[in-house]
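Just so we're clear, the structure is a prediction, and the values are computed from it rather than from any experiment. Every number for a ligand or one of its atoms is a count from 1 in the order of the listing.
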Amino acid sequence: MIPNTGMNADYRPLIYIISAPSGSGKSTLVNELLKLVPNLDFSISYTTRDLRGSEQNGKQYHFVTREEFEQMIRNDEFLEHASVFGNYYGTARRFLQEAAEKKHDLLLDIDVQGAEQMKRKLPEAVSIFVLPPDRKTLEWRLRKRSEDAEEVIARRLVTATREIGNYDKYDYILINDDLEESIESLQSIVLSERLLRSGRPLSPEEHKTVQQAGPHRLANVRDRVGPILASFRDHAHSARS
Ligand code: ADP
Ligand code: 5GP
């Protein structure tokens, strides 16, 4: 039985939650991670927002109408759901069930509200917050992606300033500066949690993986996060004055 989910399963999937302000590089990191880590499934959320660019229904998201989403809420089909930028987003229970049947772990790309709901339901879930190196870099990455209009970029930056204040609710913080290094760090976080939970003695190589993840634990990043938060705060102050 998986507690708080009403599900029966022999295997209890490890759940990894990843959140980040838009433009931090989360999708890039997640795509690379899924190529590197075996038996890790991506939970394809349901959303009521419109398809963007090259997205395909059933790949990045299941795109549904508000009526369909609300019916799913009434049917208790979601583990968590939230309203983000005026649209519904939710994680379907059936993904956890399917991962359990395959003896796979599950990766959830969800926002701060969803992460809080999941942690309340499944406290053993591993949560990771991705931060940009500073505000200027985030702004540059949002422009580089050239997916959004100027006013959308401005709104994302305001939202980011609010969201990053929640970093200390997460188990791990990943500062996405150098992409290759960040991919390696994310992989070590995911693998080290698997190793630690296996409860078996670890080989020297496996110990190394656990050690690589250590610097990204919340307790070990506070000094590095301070200047990042300051870059957002300082900008908000200068914009007001
Ligand atoms: P998110 O999913 O967090 O909104 P994306 O993965 O779409 O962000 O990344 C935003 C932009 O930044 C993309 O153009 C991506 O290629 C780029 N990017 C991601 N990580 C890095 C990095 N470490 N260094 C430089 N550019 C990056
Ligand atoms: P986007 O529309 O840019 O793909 O995503 C917007 C935000 O919604 C991101 O922060 C993303 O993590 C979040 N999100 C995506 N799927 C879910 C979900 O199932 N639940 C919750 N709570 N948030 C989600």
Side-chain angles (χ1 to χ4, degrees), residues 15-35 41-64 69 72-73 77-96 106-122 125 127-149 152-153 155-164 166-167 169-170 174-187 228:
I15 295 184
Y16 299 96
I17 299 168
I18 187 160
S19 306
S22 178
S24 305
K26 183 181 55 177
S27 313
T28 309
L29 292 168
V30 164
N31 286 337
E32 293 306 315
L33 180 75
L34 291 169
K35 289 184 211 157
D41 292 351
F42 181 68
S43 162
I44 304 168
S45 295
Y46 282 78
T47 183
T48 59
R49 84 147 160 77
D50 292 333
L51 258 102
R52 264 197 318 242
S54 58
E55 287 178 335
Q56 290 169 5
N57 193 8
K59 197 156 178 228
Q60 291 80 8
Y61 287 103
H62 295 289
F63 295 92
V64 292
F69 198 100
M72 288 179 75
I73 298 175
E77 290 183 48
F78 291 115
L79 274 174
E80 64 73 36
H81 62 86
S83 177
V84 186
F85 297 127
N87 285 301
Y88 283 130
Y89 291 81
T91 306
R93 279 179 200 283
R94 75 179 165 85
F95 277 103
L96 183 58
L106 198 60
L107 181 67
L108 269 49
D109 168 347
I110 59 178
D111 82 325
V112 174
Q113 310 166 68
E116 274 187 323
Q117 291 179 47
M118 285 302 298
K119 271 290 209 183
R120 241 177 281 134
K121 238 178 217 168
L122 297 166
S127 57
I128 304 157
F129 197 79
V130 180
L131 278 174
D134 52 52
R135 187 191 181 282
K136 229 174 157 171
T137 309
L138 181 68
E139 185 170 353
W140 184 76
R141 285 186 191 161
L142 282 168
R143 285 189 209 292
K144 180 171 74 144
R145 192 169 65 180
S146 52
E147 231 175 40
D148 302 312
V152 177
I153 290 179
R155 197 176 61 182
R156 289 194 191 282
L157 286 165
V158 171
T159 308
T161 307
R162 195 180 61 233
E163 284 176 338
I164 58 168
N166 291 294
Y167 82 93
K169 297 189 179 122
Y170 286 73
L174 184 63
I175 300 167
N176 181 20
D177 196 346
D178 177 84
L179 184 59
E180 292 308 311
E181 264 178 41
S182 297
I183 293 166
E184 247 180 65
S185 300
L186 184 57
Q187 190 185 9
I228 299 174

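Across the listed options Glu181, Arg141, Glu32, Arg141 owns the non-hydrogen atom lying nearest to atom 21 (C) of ligand 1. Comparing Asp111, Asn87, Leu108 against atom 23 (N) of ligand 2, the shortest heavy-atom distance belongs to Asp111. In this structure, of Ser27, Pro21, Pro133, Pro132, the residue bringing a heavy atom nearest to atom 2 (O) of ligand 1 is Ser27. For atom 8 (O) of ligand 2, the nearest non-hydrogen atom from the set Tyr89, Tyr46, Phe78 belongs to Tyr89. The heavy atom nearest to atom 6 (O) of ligand 1, considering only Thr28, Thr137, Asp109, Asn31, is found in Thr28.
Using a 4.0 Å cut-off between heavy atoms, Arg49 contacts ligand 2 through its side chain alone, with no backbone atom that close. Of the heavy atoms in Arg52, only side-chain atoms (C-beta onward) come closer than 4.0 Å to ligand 2. Under 4.0 angstrom from ligand 2, the non-hydrogen atoms of Tyr61 all belong to its side chain. When heavy-atom distances to ligand 2 are checked against a 4.0 Å cut-off, Lys26 comes that close only through its side chain, counted from C-beta outward. The part of Glu80 lying near ligand 2 is the side chain, judged by heavy-atom distances below 4.0 Å.
Annotation: atom 7 (C) of ligand 2 to nearest protein heavy atom, Val84 CG1, 3.8 Å. For atom 12 (O) of ligand 2, the closest non-hydrogen atom of the protein is Asp109 OD1, 2.7 Å. Regarding atom 8 (O) of ligand 1, its nearest protein heavy-atom neighbour is Gly25 N, 3.1 Å. Of the protein's non-hydrogen atoms, Ser45 OG, 2.6 Å is the one closest to atom 19 (O) of ligand 2. Protein heavy atom in closest approach to atom 10 (C) of ligand 1: Gly23 O, 3.7 Å.
Looking only at atom types and distance, the side chain of Asn176 has a donor-acceptor partner in the side chain of Ser182 under 3.5 Å away. Side-chain contact of Thr47 with Tyr88: a donor-acceptor pair under 3.5 Å is absent, judged by distance alone.
Ring-plane geometry between Phe78 and His81 is classed as tilted, the angle between the planes lying from 30 to 60 degrees on a 0 to 90 degree scale.
Note on ligand 1: Ser182 sits outside its first shell, no heavy atom being nearer than 4.0 Å. Residue contacts with ligand 1 include Asp177, since one of its heavy atoms falls under 4.0 Å from the ligand. Residue Ala20 places no heavy atom under 4.0 Å from ligand 1.
Considering backbone and side-chain N/O atoms, Ala20 never comes within less than 3.5 Å of an N/O atom of ligand 2.
With hydrogens and angles disregarded, no donor-acceptor distance shorter than 3.5 Å links the side chain of Lys26 to the backbone of Asp109.
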